[in-house]
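Notes follow once the structure below has been shown.
Each chain gets a letter, A, B and so on, in the order its sequence line appears, and its residues count up from 1.
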Protein chains: 2
Amino acid sequence: MKRLLANINIKVDDKIYLKDPETSEIGRNIIKNGILLIDELGLESFTFRKLAERIGSTEATIYRYFESKHKLLIYLISWYWSWQEYRLMFAISNIESAETRLKIAIRILSGEINQDMDFAHIDEETLQRIVVAESAKAYLTKGVDIDNKEGFFLSYKRFCRRIADLIREFNPDYPYPASLVSTLAESAHYQKFFARHLPSLTNIKENSEKHLEDFLLDLTFKTISR
Amino acid sequence: MKRLLANINIKVDDKIYLKDPETSEIGRNIIKNGILLIDELGLESFTFRKLAERIGSTEATIYRYFESKHKLLIYLISWYWSWQEYRLMFAISNIESAETRLKIAIRILSGEINQDMDFAHIDEETLQRIVVAESAKAYLTKGVDIDNKEGFFLSYKRFCRRIADLIREFNPDYPYPASLVSTLAESAHYQKFFARHLPSLTNIKENSEKHLEDFLLDLTFKTISR
DNA sequence: GCATTGTGATAGTAATACTATCTTTGCACT
DNA sequence: AGTGCAAAGATAGTATTACTATCACAATGC
């Protein structure tokens with residue numbers, strides 16, 4: 001599968017960057033080390049200056065790829081959801097049963113990562129930690145409406161719509177498919193975060209993904225079954 | 001009821017502030033206008049300098065009450081959840097049926113605010129908007145563990161535990177009460193935010209709280225009923 | 001061989017998140 | 001009425017941030 005993916009790369013909307021980081025060594029380095037450094041420092045303490053230092057380049061160069069650190073974050077999240085959508089479509093192709101397809105979707109959504117689908121310069125596991133801890137900051141801003149109009153959240157919306165479609169397929173009468181999906185997606189993040197940092201808010205134990213998946217499966221199927 | 005509350009005030013843990021803002025006119029002014037200004041500008045653009053200007057005081061004075069804007073945010077969120085807990089305890093007192101009590105809890109959790117329980121200098125509706133839009137930023141930081149150890153999130157945890165208790169009462173066999181509650185609480189915020197800014201991610205329509213409540217009620221009772 | 005493009009180096013700016021210090025004001029107690 | 005003390009005001013200063021601007025250099029493509 002790695003071989004198959006060698007010819008594929010995730011396309012991110014070109015409004016998000018000034019210069020496509022996939023097209024140069026230094027661009028890929030920005031992405032790769034950007035992920036690692038945001039994970040290490042947290043978004044607040046992360047700066048382009050520090051990143052430049054780390055990759056042996058300069059602030060100015062990074063600004064030629066991304067207008068701001070907000071845009072870099074948008075890029076990473078966008079990449080993540082496009083990747084998740086790709087994994088989803090792959091995993092459910094040729095599966096007949098609507099129930100099975102939905103179950104697979106929930107497994108992906110609950111954060112299971114297998115190594116088969118990785119891309120050279122991106123550490124998907126670290127990226128997922130960033131999405132869990134930082135993605136709320138990408139949309140909980142005064143600029144949401146502008147960013148949304150620019151299409152910055154399309155990949156997340158597309159991923160959610162795909163799963164909402166699976167729910168509708170399973171039970172066309174359930175009245176809240178979109179709300180249920182966004183609840184599942186956000187909950188998956190929060191439960192992971194809580195398990196690690198505020199354990200009294202969850203029953204999920206860290207490093208046992210099975211529990212999170214069970215919780216979400218139980219919630220979903222009890223809610224949508226007829 | 002207003003009369004009753006005239007003698008009550010919400011106590012916030014004194015580790016959160018340097019000087020209790022409830023004890024002075026200027027302190028209450030910091031809280032009142034802090035809420036309004038954060039709502040107007042968003043946390044990112046909000047500064048103590050701007051707040052000082054607005055209340056006709058100085059930065060230095062505000063720093064004598066709160067160590068940082070992070071702490072002010074923690075204070076506001078903490079106040080909010082203590083207030084919600086108070087409302088909850090009030091609303092379910094003397095109600096026999098576990099089901100009814102849980103239903104009331106979900107109404108409160110879904111964000112319904114009635115005017116009877118307001119406090120002089122705090123605009124609860126605006127505060128709720130802040131909690132919806134900014135509270136994730138209070139814990140999605142590299143400092144969570146320290147803040148948690150200091151007890152900054154106790155009021156949120158206490159509120160969640162109360163509702164988890166109601167769930168356990170209704171169905172002692174449901175294995176994920178804490179996770180369900182935090183999912184409900186976070187979902188209530190996100191669904192509200194999405195309804196306003198990213199409507200394709202939800203089926204809830206803005207300004208119709210009934211829908212959000214229905215969604216959460218449906219989710220909860222289908223999930224926990226035996 | 002020349003233009004273009006990408007990158008590096010360096011400097012500068014307004015604003016932020018504080019910290020420090022010194023002065024003034026108001027009230028409480030004698 | 002005078003003194004003491006705490007709260008608040010006024011002002012200044014610092015390191016850092018999130019950029020923007022400019023100029024020079026080196027590789028590449030035609």
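- The aromatic rings of A:Y139 and B:F194 are tilted relative to each other, their planes meeting at an angle between 30° and 60°.
- Aromatic ring orientation, A:Y190 versus B:Y190: tilted (interplanar angle from 30° to 60°).
- Of the listed residues (A:F153, A:Y75, A:Y156), just one forms a ring pair (Phe, Tyr, Trp, His ring centres under 6.0 Å) with A:W81, and that residue is A:Y156.
- Separating the CD1 atom of A:I30 from the C1' atom of C:dG6 is a distance of 12 Å, rounded to the nearest angstrom.
- Taking a 4.0 Å limit (strictly below) on heavy-atom distances, residues 50-76 of chain B reaches DNA chain C at B:K50, B:E59, B:A60, B:Y63, B:R64, B:E67, B:S68, B:K69.
- The distance between atom CZ of A:R28 and atom C1' of C:dT7, rounded to the nearest whole Å, is 16 Å.
- Annotation: of the two residues near DNA chain D, B:R49 and B:I26, the 5′-most nearest-nucleotide partner is B:I26.
- Remark: side-chain polar atoms of A:D13 are not paired, donor with acceptor, to backbone N or O of A:I16 under 3.5 angstrom.
- Atoms CG (B:L18) and C1' (C:dA17) sit 15 Å apart, rounded to a whole Å.
- A donor-acceptor pair shorter than 3.5 Å can be found between the side chains of A:H197 and B:D145.
- Atom CD of A:E44 and atom P of C:dA17 are 12 Å apart (whole Å).
- Ion pairing between A:E40 and A:R54 holds under the 4.0 Å rule for side-chain N and carboxylate O.
- Although no hydrogens or angles enter the test, the distance criterion places a donor-acceptor pair under 3.5 Å between the side chain of A:N203 and the main chain of B:A178.
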(message) For B:S82 and B:R158: C-alpha separation, side-chain torsions, deciding distance, then whether side chain to side chain contact (heavy atoms under 4.5 Å, CB included) applies.
(response) CA-CA 8 Å; B:S82 293; B:R158 216 160 41 221; 3.8 Å; yes
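- Stems are defined here as 3 or more consecutive Watson-Crick or G-U wobble pairs with pairing distances under 3.5 Å; those involving DNA chain D are C:1-30 with D:1-30.
- Between the CG atom of A:L41 and the C1' atom of D:dT16 there is a distance of 14 Å, rounded to whole Å.
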